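Structure, as structure tokens:
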Protein chains: 2
Amino acid sequence: MKRITIYDVAKEADVSLATVSRVINGSEVVREDTRVKVQEAIEKLGYKPNAIAQGLALQKTTTIALIVPEASYFYTGQIINGLIDVAKIYKYNIMLHTTTEGISEMNDIIENIIKSRVDGVVIFNDKLNKDELKQLTNYQIPIVVIGNKMSDDTVGSVYVDYAKLVYDYAMKCIKAGKTDLALVEDRKNPAMIKQLKDGLERAFADSGMKFENYIAIPKEYRSSYLFLKEYMSGNIHHDVIITYRDSQAMAVLNTAKEAGLSIPDDMELVCILDSKYNAMARPQISGFKIPDYDLGAVAMRLLTKMLTEENEVMDKEIELSYIFTPRKSTK
Amino acid sequence: MKRITIYDVAKEADVSLATVSRVINGSEVVREDTRVKVQEAIEKLGYKPNAIAQGLALQKTTTIALIVPEASYFYTGQIINGLIDVAKIYKYNIMLHTTTEGISEMNDIIENIIKSRVDGVVIFNDKLNKDELKQLTNYQIPIVVIGNKMSDDTVGSVYVDYAKLVYDYAMKCIKAGKTDLALVEDRKNPAMIKQLKDGLERAFADSGMKFENYIAIPKEYRSSYLFLKEYMSGNIHHDVIITYRDSQAMAVLNTAKEAGLSIPDDMELVCILDSKYNAMARPQISGFKIPDYDLGAVAMRLLTKMLTEENEVMDKEIELSYIFTPRKSTK
DNA sequence: TTGAAAGCGCTAACAG
DNA sequence: CTGTTAGCGCTTTCAA
């Protein structure tokens with residue numbers, strides 16, 4: 001089947017290709033009867049405009065690139081959902097890229113993105129290197145980063161202030177007399193853990209104390225669970241244990257129980273990134289509802305603004321808030 | 001910053017644009033010193049070939065479209081990961097589309113895909129309508145569907161035979177004297193549940209019995225959990241309860257426990273789609289390890305074959321297998 | 001209101 | 001080995 005083009009439609013409708021172009025782009029100037037004539041020809045031939053050719057002529061692709069970490073967490077999925085939903089509204093397509101291990105990886109992706117001439121890019125990545133961004137900005141490609149607070153002329157950001165989140169929570173605990181807080185490391189999300197650690201350290205410093213219970217997972221342990229099992233069996237006690245992901249919270253739950261510790265009576269447990277699985281655990285795990293879907297949606301919305309608005313978009317740093325969801329693992 | 005093109009490079013290197021084109025495409029015929037000269041010009045100007053223009057000239061975009069359901073399950077994420085990893089190997093880009101509610105949705109996506117002139121498409125969707133596929137095949141776009149067994153000249157498929165999986169498992173149970181099997185409905189995955197139900201019915205029929213314990217979740221219940229809580233409290237007993245997703249298995253686990261039933265002693269529990277959360281539950285839930293990542297990877301591999309091989313690809317229907325992972329919820 | 005023609009940036013014969 | 005040129009399919013002045 002010969003790929004049918006605008007020329008074919010023009011011939012069929014007995015008009016020039018310019019006219020066909022006008023009707024597919026909804027130009028006002030076309031006379032009604034010729035518009036109908038062209039429409040009919042389009043229907044008859046099953047013509048679909050070639051977006052590639054349009055992209056070339058228009059110097060814009062109406063597609064944006066999305067970079068996410070390889071890990072397929074529910075959280076990431078929700079961000080993607082949010083982003084796609086609003087992208088759909090503004091007729092943007094999504095080119096999906098994932099960062100896998102290997103130093104050069106990110107560079108390849110960036111290179112690829114530049115070549116594909118997307119109109120903008122959204123980056124969600126724990127370990128974000130500013131130098132890599134610079135490449136993109138050099139090519140004048142508008143960027144929105146999710147998760148890190150940063151912005152300048154071509155980059156905007158949408159994020160949740162985890163440091164503040166944990167700071168506030170820690171302050172509340174300290175005021176309630178719970179001063180033995182512990183944070184479990186998450187090897188997969190180092191940057192996030194750093195934010196949490198910073199927040200805790202600040203809270204303790206502001207309270208005239210020092211945060212010391214950072215539970216690092218030694219490299220020789222294949223999983224947090226394995227280490228925590230040993231850790232808990234040491235008859236360890238903390239007032240509150242804080243984990244980043246649900247799976248770590250569950251590991252704490254299970255290992256504590258196995259060690260004869262009762263949660264929340266002997267020790268409280270809170271998970272930063274809440275998930276439905278937290279609610280399925282027994283006891284149910286308390287957590288912070290992070291607006292994952294909104295992170296994606298707002299990021300895309302911000303990007304469309306940066307893409308369309310003539311004058312600089314003013315508010316390019318958007319902080320989203322969270323809600324603490326108390327369940328049964330905290331008192 | 002003026003967008004720099006192949007012409008700029010040509011002028012800078014003092015050659016024709018054809019030569020530049022040759023070097024960026026790695027043509028063998030270029031003399032070494034001019035190749036170097038061109039390379040230098042490219043570096044100096046920071047030139048990146050415009051993939052859109054290439055696509056237009058070449059009549060191929062080296063991008064494929066991926067359609068997945070909105071739901072951001074871990075399973076879907078893994079499929080995407082697998083697909084992207086092999087897409088990367090073959091230098092294909094991924095255009096991601098999600099099907100949200102609304103009848104016309106899928107049609108919009110198809111329309112969009114046709115316009116974007118992707119080289120092929122991979123579809124993973126529970127509720128797949130063959131008529132929609134026909135649109136794509138009309139435009140000669142190669143398709144690979146994940147999850148449904150089907151194929152013809154332009155469509156291939158990669159799937160796991162869930163009906164067989166559950167059939168075999170049911171037969172094993174029946175032979176062991178466990179004849180009271182129950183299947184929990186999953187409103188979000190009707191087609192999948194149908195496969196499972198078919199398999200069970202066949203197993204029972206082949207054993208001279210009738211499968212009757214299909215646990216439908218009435219619409220008025222917001223979640224499986226809510227209904228199961230009531231169901232279990234009715235002093236119900238089955239030999240084995242089968243669920244599709246981990247969250248349903250956990251709901252069974254929790255509601256059974258709350259009703260005073262012991263798993264696996266009073267009742268066994270098995271989850272079709274295994275996940276890490278199954279291993280985190282207590283007791284740990286037995287499940288079938290479905291090769292999610294491979295589903296994506298193999299689908300993409302198949303598509304590249306269909307895209308490059310001159311002669312018809314012979315094996316366009318690929319069945320992947322599963323492994324039963326016995327844990328603590330089964331005896 | 002419509003048509004002619006010049007690009008958009010690149011590839012691929014075809015000549016030389 | 002390299003340059004010339006004709007597209008790829010569409011948009012957009014500029015004229016008519």
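Below, chain A is the first sequence line, B the second, and so on; all start at residue 1. Values in this document were obtained by computation on a predicted structure and should not be read as measured data.
Side chain of B:D8 to main chain of B:T5: a donor-acceptor pair is present (N/O by atom type, distance under 3.5 Å, no hydrogens or angles). In this structure a side-chain-to-backbone donor-acceptor pair under 3.5 Å is present from A:K88 to B:T98.
Residues from residues 20-45 of chain B lying near DNA chain C, meaning a heavy-atom separation below 4.0 Å, are B:S21, B:R22, B:I24, B:N25 in numerical order. Contacts with DNA chain D (heavy atom under 4.0 Å) in residues 51-60 of chain A: A:A53, A:Q54, A:A57, A:L58, listed by number.
What you find for B:M150 and B:S157 is that their closest heavy atoms are O-OG, 2.7 Å.
Electrostatic pairing of B:E40 and B:K37 does not count as a salt bridge here, judged by no charged N lying under 4.0 Å from a carboxylate O. With respect to the salt-bridge test (charged N to carboxylate O, under 4.0 angstrom), the residues B:K48 and A:E111 qualify. For B:K44 and B:E12, the salt-bridge test passes: some basic side-chain N is under 4.0 Å from an acidic carboxylate O.
Residue A:L17 contributes atom CG, which lies 15 Å from atom P of D:dT13 at whole-angstrom precision. A straight line from CD1 of A:I6 to P of D:dC10 spans 5 Å, rounded to a whole angstrom. One interatomic measurement links the two molecules: OH of A:Y47 to P of D:dG9, which rounds to 10 Å at whole-angstrom precision.
Scanning DNA chain C 5' to 3' for nucleotides with an atom closer than 4.0 angstrom to a non-hydrogen atom of chain A gives a first and last hit of C:dT1 to C:dG9.
Between A:V121 and A:I123 the shortest side-chain heavy-atom distance falls below 4.5 Å. Here the side chains of A:R22 and A:V30 are in contact, with some heavy-atom distance below 4.5 Å.
Defined by atom type and a distance below 3.5 Å, a donor-acceptor pair is missing between the side-chain atoms of A:T100 and A:E70. A donor-acceptor pair shorter than 3.5 Å can be found between the side chains of B:R301 and B:Y90.
The residue among B:T5 and A:V15 whose nearest nucleotide of DNA chain C lies closer to the 5′ end is A:V15.
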